[in-house]
Protein chains: 2
Amino acid sequence: MEPCAPRFAQQLKKGILEMLVLQLIARRPSHGYELLLRLREGSSGLLTLKEGTLYPILYRLEDEGCIVSAWQNQAAEGRPMPRKVYTITPKGLDTLNAEQQVWQAFRACVDTFTGRDEA
Amino acid sequence: MEPCAPRFAQQLKKGILEMLVLQLIARRPSHGYELLLRLREGSSGLLTLKEGTLYPILYRLEDEGCIVSAWQNQAAEGRPMPRKVYTITPKGLDTLNAEQQVWQAFRACVDTFTGRDEA
DNA sequence: ATATAATGCTTAGCGATACTAAATATTATG
DNA sequence: CATAATATTTAGTATCGCTAAGCATTATAT
């Protein structure tokens, strides 16, 4: 029998990560590695992703037209490597708004069950 | 391109459903069909599951020792069919407590990103 | 010089879980 | 007798985070 809690935490991330990544990019265009750091620091380590988790999310968001990417190759002195910077699109903003509303409804729903109310 | 919001809502359910089902059974032992109704009514229709979604969750919880089941075959007048009533176990209660704590942390984390703070 | 670390992107394969869809069975109602 | 409501079971699919590994560039340490 495997422990329940870690698996539970892992499953909770599914889906929500896309919204959080979109949110971060909306706040400030970033490249992948920077998003990894912002996620980890902004969550006190709770959202410490591997690259293999983040990049597929970025490719998916780009396929859906929610973000666009651009290589920053020009040497900006001291920058170690070429980066791919992601920026949110109008469609991405719409998606983000829709997802935030879904999240609010979902959160309220779960809280209802977790609270003292009848169900 | 598929719509983002419905897929997003579906993904959010993953993982949380197990906690909610456990919560409902902890509050009052129930059979599967009744859980389906309680979930639907308690969520204003947001959590309207098919049987094929709920029963695998119940079997999983039973395999893990979080709940136990007992057939109620005896005719209780007017009862249409034999039912399998699920009851939470001590391990199930422990699991529920742990999952609720994970949920609280997760919720706080997401709200941090969704709010106005820096990230 | 060369090994190591830090930065940065990509991809293949796996596992967990909600979904659709259907089959089965009993009782009450038309 | 047909239909609906109740009630459980299971087969197959899709999504998505995970592990794991590989490649490439620059800075630092040995």
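The NZ atom of B/K13 sits 19 Å away from the C1' atom of D/dG17 (whole-angstrom rounding). The interatomic distance linking A/M19 (CE) with D/dC16 (P) rounds to 15 Å, in whole Å. Atom C1' of nucleotide C/dC19 and atom CD1 of B/I16 are separated by 18 Å, given to the nearest angstrom. Distance, B/R40 CZ to D/dA5 P: 11 Å, rounded to whole Å. As rounded to whole Å, 14 Å separates atom C1' of C/dA16 from atom CD of B/Q10. Summarising the geometry, the separation between CG on B/L35 and P on D/dT6 is reported as 15 Å, rounded to the nearest angstrom. To the nearest angstrom, P of D/dG17 lies 7 Å from CD of B/Q11. Here C/dA16 presents its P atom at 15 Å from CD of B/E99, a figure rounded to the nearest Å.
Between the side chains of B/Q23 and B/Q100, a donor-acceptor pair is found at a separation under 3.5 Å.
Annotation: the span from B/K14 atom NZ to A/Q11 atom CD amounts to 7.0 Å, rounded to 0.5 Å.
When heavy atoms are screened at a 4.0 angstrom cut-off, A/K14 is found touching base atoms of the nucleic acid.
A heavy-atom distance below 4.5 Å is found between the side chains of A/Q104 and A/R107. Side-chain atoms of B/D94 and B/T89, non-hydrogen and from C-beta on, never get closer than 4.5 Å to each other.
Applying the side-chain hydrogen bond (donor to acceptor under 3.5 Å, both in side chains) criterion to B/S30, with sequence neighbours excluded, gives B/E34, B/R38.
Neither OP1 nor OP2 of C/dG15 sits under 4.0 Å from any side-chain N or O of A/R7. A sub-4.0 Å separation between OP1 or OP2 of D/dG17 and a side-chain N or O of A/R60 is present.
With hydrogens and angles ignored, the 3.5 Å screen pairs no side-chain donor or acceptor of A/R27 with any backbone N or O of A/L22.
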Pairs under 3.5 Å (N/O, protein and nucleotides 8-10 of chain D):
from, atom 1, to, atom 2, distance (Å)
D/dT8, OP1, B/K84, N, 3.0
D/dT8, OP1, B/K84, O, 3.4
D/dT8, OP2, B/G32, N, 3.1
D/dT8, OP2, B/Y33, N, 2.7
D/dT8, OP2, B/Y55, OH, 2.4
D/dT8, O5', B/Y55, OH, 3.3
D/dT9, OP1, B/K84, NZ, 3.0
D/dT9, OP2, B/Y59, OH, 2.5
D/dT9, O5', B/Y59, OH, 3.0

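When hydrophobic clusters are built by joining Ile, Leu, Val, Met, Phe, Trp and Tyr residues whose side-chain heavy atoms come closer than 4.5 Å, directly or via intermediates, B/V85 is not grouped with B/L35.
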